[in-house]
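Just below is one structure, and these are the notes that go with it.
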Amino acid sequence: MTTTSAIWFLIFLTVGFHHVRYNAITLEQPYRTAFHFQPPQNWMNDPNGLMYYNGVYHLFYQHNPFGPLFAVQMYWGHSVSHDLINWTPLEHAFAPTQPFDINGCISGSTTILPGNKPVILYTGIDSQNRQVQNVAVPKDPSDPYLREWVRYTGNPVINVPEGIQPDEFRDPTTAWLADDGKWRVTIGGQKDKAGIAILFRSEDFVNWTRHEEPLYEVTGSGMWECLDFFPVHVDGTNGVDTSVTNPAVKHVLKMGVYDYARDYYLIGDYNPVKEKYVSQDELTLDSLRYDYGKYYASKSFYDPVRRRRILMAWVNESDSDADAIAKGWSGLQSFPRSVWLDQNQKQLVQWPIEEIEMLHENEVSLRNENLEDGSLHEILGITPLQVDVQISFKLTNLEEAEILDPSRLDPQLICSEMDASKKGIFGPFGLLAFASHDLTEQTAIFFRVFQHNGRYIVLMCSDQSRSSTRKGLDKTTYGAFVDIDPQRDEISLRALIDHSIVESFGGGGKTCIIARVYPTLATRDEAHLFAFNNGTKSVLITELSAWSVKKARINIDETIGCADA
Ligand SMILES: *[C@@H]1O[C@H](CO)[C@@H](O)[C@H](O)[C@H]1NC(C)=O
Ligand SMILES: *[C@@H]1O[C@H](CO)[C@@H](O)[C@H](O)[C@H]1NC(C)=O
Ligand SMILES: *[C@@H]1O[C@H](CO)[C@@H](O)[C@H](O)[C@H]1NC(C)=O
């Protein structure tokens, strides 16, 4: 189709149909992604109600159907998939139309009740701007896509509890069933600056009673939202259903800490009889996070097909509102990750779901290549804007590593002060994504190794400071330590690179960092991908594999999909 006829076709669509779910701004879209979920158009934030039901995966999401900026009156967008890779858009599941959600249908979860009956619990903002909890069920459970949802006439099923502000009570978790036959659900809030996970119980899913004690609370942490609470096996990578409690599992409590827009998690033990959660560690600003980059409002679900727990999260933009208006959209979802408890039981591990292999093509690989000080190795034969790359490094003579200044143990600070342009002894070494030929633009994902307290410490950074020649972008550099021993373990990095996102997994998924970038020079025919080392000591690439990643069919309306080519 020629450009002129494409323009006419789009004008026709825009004028001719009232609710075209299609992004009319297709002509110049360098930052739309090929395999990260995004809606057909407009604003998206939190993933909601992830589930598997009768052969189909469902992803609902917070959506403003009227524009690319956040709005209070949220809708529930809805897409379905057979493989978690290709997604078909459906009509919204909920619009704010009822007295109990007229000012917004905000986040919530699905639970599958016995007899394979899905039910949604979500927060509505009611006519008096109170956050209340509502229930909805599929209109026709035999519809393979569960297109229509019926809101219970007795909503809300949970009102704002005493002592909680009406706008600080939201985002119910997937419910879990204990041996006493009662469902539990926990909902985030705050009380006197303490973040709290308020607990409710019910026998029938509509009559909910508050348990006097919260499931958990942390003084001074501020408002908690988008809680997630689920068991993980103490031994093995398989996931478990949300209702499982036995000595073979530990429980993860994740809280979206509103004041910092960060998802923190705790690992601990849950006892449904005492109704107590005991965490292994305290929650602080240095606590564990799923991801140390742009990543918030995550939600997990149990996938019974492959017996795994899958995690997705909202990935915010790093450009401006004016850019969002020009693009016609805002917000991505992270690529679905399997999540499990590390063998050491101290942290979680995450890894892209194996279905990504459906999209792989043009594998290139390399073994045992030494990278001297200042060397660049271009990874050729792949499409640098759409790539899945894995690389492992081996280091020797570690006793020559720099000593880490004990007064500066903040990894993000070290990464921003010692960005990729600063030479060290071991590091920086890693990948340069979205690199222009002269490296004016580059997003460096790299490691440094230090000595600290008689052992070796591995730092992982994602440096956005040179990611784009554009001004007015959030180019924060991110960093976190990777809990591996470089004397024993190779240092590995996997990166999913997709037009305006780099999703990085260090140490086999022990440390994850997502960055949003908007290159202007490193574009379709001008982008390069390099492995690099700029430390004075050489490092050995033991293994490198990279694949071009094909474009998935994500929310392309079947009837007009050809216009997207
Ligand atoms: C709701 O549940 C509580 C606690 O189980 C019970 O005391 C109450 O009678 C129930 N109310 C209704 C209307 O079923
Ligand atoms: C989203 O990104 C914008 C632009 O960088 C920033 O101003 C805003 O605070 C971010 N919001 C959240 C919740 O991360
Ligand atoms: C390597 O380090 C030198 C010295 O700090 C710096 O000038 C150069 O730009 C660095 N190279 C890269 C690829 O960042």
Side-chain angles (χ1 to χ4, degrees), residues 43-46 62 68-70 107 154 157-159 180-184 199-212 223 225-226 256-263 289 291-298 313-325 327 330-332 334 371-378 417-425 427-433 435-446 448 461 463-468 470-478 500-501 514-518 528-537:
W43 169 273
M44 171 178 72
N45 54 310
D46 313 0
Q62 290 287 288
L69 304 181
F70 178 78
S107 291
V157 293
I158 308 181
N159 280 302
D180 61 6
K182 287 189 180 155
W183 290 97
R184 273 81 167 155
L199 186 71
F200 294 84
R201 293 197 286 207
S202 176
E203 276 168 54
D204 58 8
F205 230 82
V206 292
N207 175 21
W208 292 91
T209 308
R210 182 186 183 180
H211 185 67
E212 324 76 73
M223 176 67 192
E225 55 180 357
C226 301
V257 176
Y258 180 80
D259 292 349
Y260 295 88
R262 287 180 173 180
D263 274 4
R289 290 158 62 188
D291 194 289
Y292 296 85
K294 272 235 153 145
Y295 183 99
Y296 192 52
S298 62
W314 170 41
V315 183
N316 189 12
E317 300 297 312
S318 289
D319 60 2
S320 68
D321 285 359
D323 295 325
I325 291 165
K327 295 189 311 226
S330 181
L332 304 177
S334 58
L371 281 184
E372 304 289 340
D373 177 9
S375 53
L376 278 176
H377 176 96
E378 180 158 13
E417 288 177 355
M418 297 175 76
D419 64 45
S421 71
K422 309 282 188 319
K423 193 173 283 295
I425 297 175
F429 61 89
L431 295 169
L432 298 181
S436 60
H437 69 94
D438 62 355
L439 304 184
T440 306
E441 278 185 344
Q442 52 163 288
T443 298
I445 310 102
F446 65 89
R448 293 179 189 274
C461 305
D463 174 4
Q464 282 66 248
S465 59
R466 288 172 289 176
S467 61
S468 175
R470 286 172 54 190
K471 301 207 161 31
L473 302 171
D474 171 7
K475 296 182 185 171
T476 306
T477 286
Y478 307 116
S500 62
I501 182 170
I514 287 189
R516 296 301 309 280
V517 294
Y518 308 87
H528 304 263
L529 174 64
F530 298 97
F532 82 106
N533 176 25
N534 210 5
T536 55
K537 302 294 290 184

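First listed ligand is number 1; within each ligand, the first listed atom is number 1.
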My understanding is that only residues two or more places apart in sequence, or in another chain, count here; which of them pass salt bridge (Lys or Arg N to Asp or Glu O under 4.0 Å) with Arg448?
none
Looking at ligand 1, does any of its N/O atoms fall within less than 3.5 Å of an N/O of Glu203?
no
For Arg262, enumerate each residue passing the salt bridge (Lys or Arg N to Asp or Glu O under 4.0 Å) test, keeping only those at least two apart in sequence or located in another chain.
none
For Thr477 and Asp463, test the side chains for any donor-to-acceptor distance below 3.5 angstrom and give the result as yes or no.
yes
Could you tell me, atom by atom, which parts of ligand 3 come under 4.0 Å of a heavy atom of Ala420?
14 (O)
If only atom types and distance count, is the side chain of Thr443 paired as donor or acceptor with the main-chain N or O of Ser467 below 3.5 Å?
no
Starting from the N and O atoms of ligand 2, collect every protein N/O partner closer than 3.5 Å and put each pair on its own line with the distance to 0.1 Å.
| residue | atom | partner | partner atom | Å |
| --- | --- | --- | --- | --- |
| ligand 2 | 2 (O) | Asn316 | OD1 | 3.3 |
| ligand 2 | 2 (O) | Asn316 | ND2 | 2.3 |
| ligand 2 | 2 (O) | Glu317 | O | 3.1 |
| ligand 2 | 5 (O) | Lys294 | NZ | 3.1 |
| ligand 2 | 11 (N) | Asn316 | ND2 | 2.8 |
| ligand 2 | 14 (O) | Asn316 | ND2 | 3.1 |

Sequence neighbours excluded, which residues qualify as ring-ring contact (aromatic ring centres under 6.0 Å, His included) partners of Trp43?
Phe70, Trp314
For the residue pair Arg201 and Thr209, confirm or rule out a side-chain donor-acceptor distance under 3.5 Å.
no
Polar-atom distance check: Lys422 versus ligand 3, any N or O pair below 3.5 Å?
no
For residues Ser298 and Asp263, is any side-chain donor paired with an opposing acceptor at under 3.5 Å?
yes
Output yes when Lys423 and Asp373 qualify as a salt bridge under the 4.0 Å nitrogen-oxygen rule, no when they do not.
yes
Has Lys475 got a side-chain atom pairing as donor or acceptor with Arg466's backbone, closer than 3.5 angstrom?
no
Need the ligand 1 atom indices (1-based, order shown) with element for anything under 4.0 Å from a heavy-atom of Thr209.
2 (O), 3 (C), 4 (C)
Show the atoms of ligand 3 that are less than 4.0 angstrom away from any heavy atom in Asn534.
1 (C), 2 (O), 3 (C), 8 (C), 10 (C), 11 (N), 12 (C), 14 (O)
With a heavy-atom distance limit of 4.0 Å, tell me whether Ala444 approaches ligand 3 through its side chain, its backbone, both, or neither.
neither
Does Gln442, backbone or side chain, put an N or O under 3.5 Å from an N or O of ligand 3?
no
